[in-house]
Colleague: 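Once you've had a glance at the structure underneath, I'll fire off some questions.
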Amino acid sequence: QVQLAESGGGLVQPGGSLKLSCAASGLTFSSYGVGWFRQAPGRERELIAAISWSGGNIYYADSRKGRFTISRDNAWNTAYLEMNNLQPEDTAVYYCAAARFPDFTLDTIANRFRYTYWGQGTQVTVSS
């Protein structure tokens, strides 16, 4: 049974940092690309960042560049999303997802229907 389990969310003050983890089991993690998405109340789920199976290709949504860092450790079957200088508008449920990307184009990695496996999500709340 494939599982992706996010952790590391919580309540943080504006300007603070969090590091989310996505622990995978039941799949050959090193064969899958990983995307981090978020969904705020009343909004669609959106891609924040994606990383290829090897880590050689990385994408960030424009508004996240410089503040967020995606990484992975295939030896530990885990992907990470480090988030700095968090702002109230970053408040959302954050999800990790895994997919076998046929390529690393934006059309592919941003299409949430291409992702085979999803975690249950972790809440991130940025508030003073």
Side-chain angles (χ1 to χ4, degrees):
Q1 181 180 358
V2 175
Q3 286 191 327
L4 299 180
E6 302 96 336
S7 61
L11 174 64
V12 63
Q13 292 187 340
S17 299
L18 285 174
K19 186 172 184 178
L20 307 183
S21 298
C22 172
S25 60
L27 76 168
T28 306
F29 183 67
S30 58
S31 296
Y32 285 78
V34 172
W36 281 97
F37 291 77
R38 74 182 188 189
Q39 188 165 19
R43 302 190 65 176
E44 288 194 358
R45 194 169 298 188
E46 60 174 347
L47 179 69
I48 303 168
I51 187 167
S52 61
W53 64 271
S54 67
N57 289 298
I58 287 175
Y59 167 84
Y60 296 102
D62 286 344
S63 61
R64 320 298 182 256
K65 286 180 181 177
R67 296 197 299 129
F68 290 10
T69 302
I70 189 172
S71 61
R72 65 187 299 158
D73 187 337
N74 288 341
W76 288 95
N77 292 341
T78 303
Y80 304 95
L81 183 69
E82 185 169 2
M83 307 183 292
N84 297 310
N85 191 22
L86 285 162
Q87 300 301 316
E89 54 266 32
D90 294 315
T91 295
V93 178
Y94 285 69
Y95 299 88
C96 67
R100 290 182 183 266
F101 297 139
D103 52 57
F104 204 75
T105 62
L106 184 58
D107 282 347
T108 294
I109 63 176
N111 184 349
R112 57 191 176 97
F113 297 104
R114 283 194 173 273
Y115 290 80
T116 308
Y117 304 110
W118 288 83
Q120 79 287 351
T122 185
Q123 177 70 46
V124 171
T125 302
V126 185
S127 175
S128 56

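If you read the sequence from its start, that first residue is 1, and numbering goes on from there. The analysis underlying the following values was restricted to heavy atoms, covering all of them including side chains, and did not include hydrogens, waters or symmetry mates. Since we're looking at a predicted model, the values are computed, not measured.
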Colleague: Look up atom CG in Asp103 and atom OG in Ser52, then write down how far apart they are to the nearest 0.5 Å.
Modeller: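 These two atoms lie 11.5 Å from each other.
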Colleague: Is the CD atom of Glu44 crowded by more than 12 outside heavy atoms at less than 6.0 Å?
Modeller: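 No, the 6.0 Å shell around CD holds no more than 12 heavy atoms from other groups.
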Colleague: Shared ILVMFWY cluster between Phe68 and Trp36, side chains joined below 4.5 angstrom?
Modeller: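 Phe68 clusters together with Trp36.
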Colleague: With Tyr60 as reference, evaluate Thr69, Ile48, Ile51 under the side chain to side chain contact (heavy atoms under 4.5 Å, CB included) test and give the passing residue.
Modeller: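 When Thr69, Ile48, Ile51 are each tested with Tyr60, the side chain to side chain contact (heavy atoms under 4.5 Å, CB included) holds only for Thr69.
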Colleague: Could you tell me whether the side chain of Pro102 reaches within less than 4.5 Å of the side chain of Thr108, counting heavy atoms only?
Modeller: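 The answer is yes; the side chains approach within 4.5 Å.
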Colleague: Is the backbone N or O of Gln120 less than 3.5 Å from a side-chain atom of Glu6, with the two atoms forming a donor-acceptor pair by type?
Modeller: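 Confirmed, Glu6 side chain pairs with Gln120 backbone.
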Colleague: Considering the options Val124, Thr125, Val126, which one meets the side chain to side chain contact (heavy atoms under 4.5 Å, CB included) requirement together with Leu11?
Modeller: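 Option passing the side chain to side chain contact (heavy atoms under 4.5 Å, CB included) with Leu11: Thr125.
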Colleague: As an exercise, state the distance from CG of Asn85 to OG of Ser17, rounded to the nearest 0.5 Å.
Modeller: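 The CG atom of Asn85 sits 7.5 Å away from the OG atom of Ser17.
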Colleague: For residues 92-100, which side-chain donor-acceptor pairs fall under 3.5 Å, sequence neighbours excluded?
Modeller:
| from | atom 1 | to | atom 2 | distance (Å) |
| --- | --- | --- | --- | --- |
| Tyr94 | OH | Arg38 | NH1 | 2.9 |
| Tyr94 | OH | Asp90 | O | 2.6 |

Colleague: Under a 4.5 Å cut-off applied to non-hydrogen side-chain atoms, are Leu47 and Tyr59 in contact?
Modeller: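 They are in contact (side-chain heavy atoms under 4.5 Å apart), so the answer is yes.
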Colleague: Can you see which heavy atom on Gln87 is nearest to which on Gly15, and at what distance?
Modeller: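 That would be NE2-N, 3.9 Å.
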Colleague: Quick one: does any side-chain atom of Asn57 pair with a main-chain N or O of Thr105 as donor and acceptor, under 3.5 Å?
Modeller: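 Side chain of Asn57 to backbone of Thr105, a donor-acceptor pair under 3.5 Å: no, none is there.
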Colleague: Quick check: does any side chain N or O of Arg72 sit under 3.5 Å from a backbone N or O of Phe29, one acting as donor and the other as acceptor?
Modeller: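 Yes, the answer is positive, given that a donor and an acceptor are paired below the 3.5 Å cut-off.
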Colleague: Quick one: CE on Met83 to NZ on Lys19, what's the gap to the nearest 0.5 Å?
Modeller: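 So the gap between those two atoms works out to 11.5 Å.
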Colleague: Quick one: are Asn77 and Ser25 in side-chain contact, heavy atoms under 4.5 Å?
Modeller: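 They are not in side-chain contact.
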Colleague: Linking Ile, Leu, Val, Met, Phe, Trp and Tyr through side-chain heavy atoms less than 4.5 Å apart, which residues share a cluster with Tyr117?
Modeller: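 Members other than Tyr117 - counting any ILVMFWY side chain reachable under 4.5 Å - are Val2, Leu4, Leu27, Tyr32.
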Colleague: Could you check whether any side-chain heavy atom of Trp118 comes within less than 4.5 Å of a side-chain heavy atom of Phe37, counting everything from C-beta outward?
Modeller: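 A side-chain contact under 4.5 Å exists here.
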Colleague: So do the side chains of Leu86 and Gln13 get within less than 4.5 Å of each other, counting heavy atoms only?
Modeller: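 No, every pair of side-chain atoms sits at 4.5 Å or beyond.
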Colleague: Write down the atom of Tyr115, the atom of Ile109, and the distance for their closest heavy-atom approach.
Modeller: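 Taking Tyr115 first and Ile109 second, the nearest heavy atoms are OH-O, 2.6 Å.
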Colleague: Using 0.5 Å steps for rounding, measure from the CD atom of Glu82 to the CD1 atom of Ile70.
Modeller: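 One finds 12.0 Å between CD of Glu82 and CD1 of Ile70.
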